[in-house]
2 protein chains.
Amino acid sequence: MSLKHGLLGLLSYGSMTGYELNKTFEDSLDYFWQAKSSQIYRELDAMEACGWLTSHIQLQTDRPNRRVYCITEAGRGELKSWLEGPFTPGSVRDPFMMRVFFGGECPPQRTRELLRAFAQDHEKNLGTQDETLDMINAYARKVEDPEKAVYWNMTAEFHRRYARMCMQWAQDMEKMLKNEEDENA
Amino acid sequence: MSLKHGLLGLLSYGSMTGYELNKTFEDSLDYFWQAKSSQIYRELDAMEACGWLTSHIQLQTDRPNRRVYCITEAGRGELKSWLEGPFTPGSVRDPFMMRVFFGGECPPQRTRELLRAFAQDHEKNLGTQDETLDMINAYARKVEDPEKAVYWNMTAEFHRRYARMCMQWAQDMEKMLKNEEDENA
DNA sequence: TGGGTCATGTAACCTGTTACATGATTAG
DNA sequence: CTAATCATGTAACAGGTTACATGACCCA
């Protein structure tokens, strides 16, 4: 149910359209939860049926009409009870690791290439760190309570450390594979 | 399609029943890909229909009959082309991070509790590291090519570093929140 | 005698992905 | 002129979760 709660969380900052929710999601939650707009619209429907949201159409002449979603008291209650619920452990789910696991089934060079691509991908992620911080500051100016940014920064810091760890691991594993190959040669 | 390829990979080590695949999965791939037995059986059906596997029933008297799955040449081909395909970046997907992100919506103490639970969970994961290595060695003795264990250890090393990083991050974030609270008091 | 392991699944449901459809405005 | 942005979705499919059903054997 995390997508629903993510949307509730964003709507707790202010009313938005599905389109805006999608964009805000991409700018923030996307780092640890991905959602397509098609699914967002479907979930919004379901949430409105639950009574967590209400929506009204805003007529526009120059642009398409907007359907603006607004969180209800029931929605805020649901968000709160989800936030205050017990900790449940998460897990990594990454097909890349599966490919490494079965590395013995293809030439070692191929795995080394894969590791390099993985390291580069995370290096790129590290490179966008400044933009992320700018984004957080920009959003912090928009909401009434700038203290929220503390928590946003915590997740950004996690993302940074994750990328660092991945890079380091991939580099170390590549070196190790290279040494193995050289010894066998 | 990762589950299918994970099963193909395990079957490339030797023929197995759905039950055995499920257990082997739990012992190995589960660290970065989770699967329920009900889904495994469904995927096996689909894979047999594709021609990647064949199966035959082994009659038993004292225990339930076993349906043993065996990878075909087409299955090996599919595994190989998946392994040699282009790198595709993965992503983190963890509802816990979403709860941290929305930490501003509940008392800071609650987030600190959550962080502590997260740290403890990963500390526990680190504690099972020795068992994991024993498991890898046990499996390495079973398969014909002990070189495969190199790759299994690489994924285990990733898991170890991930757990370390998570623990450290959670501890640092908790301290930071505590300092903030003390300053405001 | 009660719980764990062996062994196979089905059915219903929920969640996520891909592809498609429409159409105006605006900035480069 | 063309690509991006604004704005809303539907339909079909793929993948994952939860609950249920059955039944024997073995160990404490």
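Here is the naming used below: chain letters follow the sequence lines, and residue numbers restart at 1 for every chain.
Within 4.0 Å (heavy atoms only), Thr17(B) reaches sugar-phosphate atoms of the nucleic acid but no base atom.
The phosphate of dA7(C) (OP1 or OP2) has no side-chain N or O of Lys23(B) nearer than 4.0 angstrom. Side-chain nitrogen and oxygen atoms of Arg42(A) include none within less than 4.0 Å of the OP1 or OP2 phosphate oxygen of dG16(C). Under 4.0 angstrom from either OP1 or OP2 of dT15(C) there lies no side-chain N or O belonging to Gln39(A). Remark: Tyr19(B) is not in phosphate contact with dT8(C), judged by side-chain N or O atoms under 4.0 Å from OP1 or OP2. Between Gln60(B) and the phosphate of dA7(C), there is a side-chain N or O to OP1/OP2 separation shorter than 4.0 Å. Of the side-chain N and O atoms in Lys4(A), none sit less than 4.0 angstrom from OP1 or OP2 of dC14(C). For Gln34(B) and dG16(D), the shortest distance from a side-chain N or O to OP1 or OP2 is not below 4.0 Å. Distances shorter than 4.0 Å separate some side-chain N or O of Arg66(B) from OP1 or OP2 on dA7(C).
Nearest to the side chain of Arg67(A), among dT8(C), dT8(D), dT17(D), sits dT8(D).
Following rounding to the nearest Å, Leu44(B) (CG) and dT8(C) (P) show an atom-to-atom distance of 10 Å. To the nearest angstrom, C1' of dC6(D) lies 14 Å from CD of Glu26(A). The distance between atom CH2 of Trp33(B) and atom P of dG15(D), rounded to the nearest whole Å, is 9 Å. Here dA7(D) presents its C1' atom at 15 Å from CG of Asp45(A), a figure rounded to the nearest Å. The NZ atom of Lys36(B) sits 16 Å away from the C1' atom of dG9(C) (whole-angstrom rounding). In this entry the distance linking CE of Met47(B) with P of dA14(D) reads 16 Å, nearest Å. In this structure, CZ of Phe25(B) is placed 9 Å from P of dG16(D), rounded to the nearest angstrom. The CD1-C1' distance, from Ile57(A) to dC6(D), rounds to 15 Å in whole Å.
Between the side chain of Ser38(A) and the base of dT18(C), a donor-acceptor pair under 3.5 Å is found.
Each of Pro64(A) and Ser2(A) was assigned the nucleotide of DNA chain C with the nearest heavy atom; the assignment lying further toward the 5' end belongs to Ser2(A).
Between Thr132(A) and Tyr31(A), the side chains place a donor N or O and an acceptor N or O closer than 3.5 Å (distance only, hydrogens not considered). Residues His159(B) and Gln129(B) have side chains that never bring a donor and an acceptor to within less than 3.5 angstrom of each other.
Other residues, nucleotides and ligands contribute only 12 or fewer heavy atoms inside 6.0 Å of the CZ atom of Arg164(B).
A cation-pi contact links Lys142(B) to Tyr139(B), judged by a cut-off of 6.0 Å to the six-membered ring centre and 45° from its axis.
Taking the six-membered ring where tryptophan is involved, the planes of Phe158(A) and Tyr162(A) are essentially parallel, since the angle between them stays under 30° and well short of 60°.
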